[in-house]
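Throughout, a chain's letter reflects where its sequence line sits, starting with A, and its residues are numbered from 1. In this text, all values refer to a predicted model and were calculated from it rather than measured experimentally.
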Number of protein chains: 2
Amino acid sequence: MQPSAPPRTYTISELAQELEISTRTIRFYEEKGLISPRRSPGNQRQYSRRDRARLKLILRGKRFGYSLEQIAEMIGMAEVDLDEAEQIRRSLAYGQEKLQEINQRIEELRLLEQDILAVRQRLFDRLAQLEGRNPTNPKEHRP
Amino acid sequence: MQPSAPPRTYTISELAQELEISTRTIRFYEEKGLISPRRSPGNQRQYSRRDRARLKLILRGKRFGYSLEQIAEMIGMAEVDLDEAEQIRRSLAYGQEKLQEINQRIEELRLLEQDILAVRQRLFDRLAQLEGRNPTNPKEHRP
DNA sequence: CTTCCAGTTGACGTCAACGTAAATTATGCC
DNA sequence: GGCATAATTTACGTTGACGTCAACTGGAAG
């Protein structure tokens, strides 16, 4: 048999470029305990596919207004002073909540859509009014 | 005919309480040009139903990670130095983009859901492993 | 009119989430 | 080895989004 296939790794700048964030940001996430990549013999960070997926999750969470702290909880990094099994149970429960939140958020997006549609409607009406009043001259106002 | 019905107004603290934000926050949004409530003879802010709806929109936008600046654009307060019609056209175009963004975001929420489900799956497996391995544990499964 | 609470305008403080700069070390390539 | 890139740590700076405090004013209840 062959030795296990070489798991593809990424450098920090590769990921930074692909995900369109700075290396500083990635290191910052590590400071906050959101990721913990392996290190090379020369102490350089080596990111696995899993690390990459996690970064994507973080960014996705951010785009929805979650704070890094909330994201950390979501991933299950909190409550480190519990025994592992209990820690996992808590994380599972937390994740359950988050899943429900997501469905609520989808509903909210629909509401946001309605809001924007309402604003558009008003703008549209106002525009028709403006243009309807001055069929020939786009700028003239009352003398 | 009756004189126009008295349009219901709100004080700043009423809104703050209802929307669960501070009065400071509301005034801050005004500083940033996001709302411009009328003033009473005594110079106190009077919020209309429209103002209230706008605040809700702002908060909703925030929950999805939009910055106040982006929200301002969304509402159509930018580019004040254009003539009104052109300004409205821009705002309409911008709104169109936002509507598309919203659909993308709904898709993204589905992805986020998948991410979390994946994390959960791993945690779940790990938990089963832990409990399966520990014979003193009440939840023993092995024969 | 006084009292008292709600509201107003500054001005300064704070905290999260990075940016930036400097000094040092690794890695890839000739 | 020698050189140019790229990475690492440390430290300080910045920006957005408010919080907090102070000094003042408005309004209505007694």
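Residue A:Lys62 has no polar side-chain atom (N or O) positioned under 4.0 Å from OP1 or OP2 of C:dA17. For B:Ser40 and D:dG26, the shortest distance from a side-chain N or O to OP1 or OP2 is not below 4.0 Å. When the side-chain nitrogen and oxygen atoms of A:Ser22 are compared with OP1 and OP2 of C:dG19, one or more of them lie within a distance under 4.0 Å. Taking 4.0 angstrom as the limit, B:Thr11 places none of its side-chain polar atoms (N or O) nearer than this to OP1 or OP2 of C:dA6. Between B:Arg24 and C:dG10 there is no side-chain polar atom (N or O) within less than 4.0 angstrom of OP1 or OP2. Side-chain nitrogen and oxygen atoms of B:Tyr29 include at least one within less than 4.0 Å of the OP1 or OP2 phosphate oxygen of D:dC18. Within the 4.0 Å cut-off from OP1 or OP2 of C:dA16, not a single side-chain nitrogen or oxygen of A:Ser67 is found. Phosphate contact (OP1/OP2 of C:dG19, side-chain N/O of A:Thr25, threshold under 4.0 Å): present.
For A:Leu68, counting side-chain heavy atoms from C-beta on, the closest listed nucleotide (C:dA17, C:dG7, D:dA7) is C:dA17. The A:Phe28 side chain lies nearest to C:dA17 when the options are C:dT8, C:dA17, C:dT27.
When the P atom of C:dA16 is taken as reference, atom CD of A:Gln70 falls 13 Å away, rounded to whole Å. Going from atom CD1 of B:Ile12 over to atom P of D:dG27 covers 16 Å, rounded to whole Å. Between the P atom of C:dA6 and the CD1 atom of B:Ile26 lies a distance of 15 Å, rounded to the nearest Å. Atom CG of A:Leu55 is separated from atom C1' of C:dA17 by 15 Å (rounded to the nearest Å). In this structure, B:Arg39 places its CZ atom 6 Å from P of C:dT8, rounding to the nearest Å. Taking atom CD on A:Gln44 and atom P on C:dT24, their separation rounds to 18 Å, with Å as the unit. A:Ile35 has its CD1 atom 14 Å from the C1' atom of C:dA17, to the nearest Å. Between B:Tyr66 atom OH and D:dA17 atom P there is a gap of 15 Å when expressed in whole angstrom units.
By the 6.0 Å contact criterion, CD on A:Gln96 is enclosed, its count of non-hydrogen atoms from other residues, nucleotides or ligands being greater than 12.
Taking each heavy atom of A:Ser22 and A:Thr25 in turn, the nearest pair found is OG-OG1, 2.8 Å.
In terms of polar N and O atoms assigned as donor or acceptor, the side chain of A:Arg27 never comes within less than 3.5 Å of the base of D:dT9 in a complementary pairing.
Defined by atom type and a distance below 3.5 Å, a donor-acceptor pair is missing between the side-chain atoms of A:Tyr10 and A:Gln17.
Closest-nucleotide positions on DNA chain D for B:Glu69 and B:Asn43 were compared, and the one nearer the 5' end corresponds to B:Glu69.
You'll find the side chain of B:Lys56 reaches within 4.5 Å of the side chain of B:Glu18, heavy atoms only.
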Note to self: Between A:Lys98 and B:Glu113, is the salt bridge (charged side-chain N to carboxylate O under 4.0 Å, His left out) condition met? List the steps.
What the structure shows: CA-CA 9 Å; A:Lys98 287 301 156 190; B:Glu113 186 174 17; over 6 Å; no

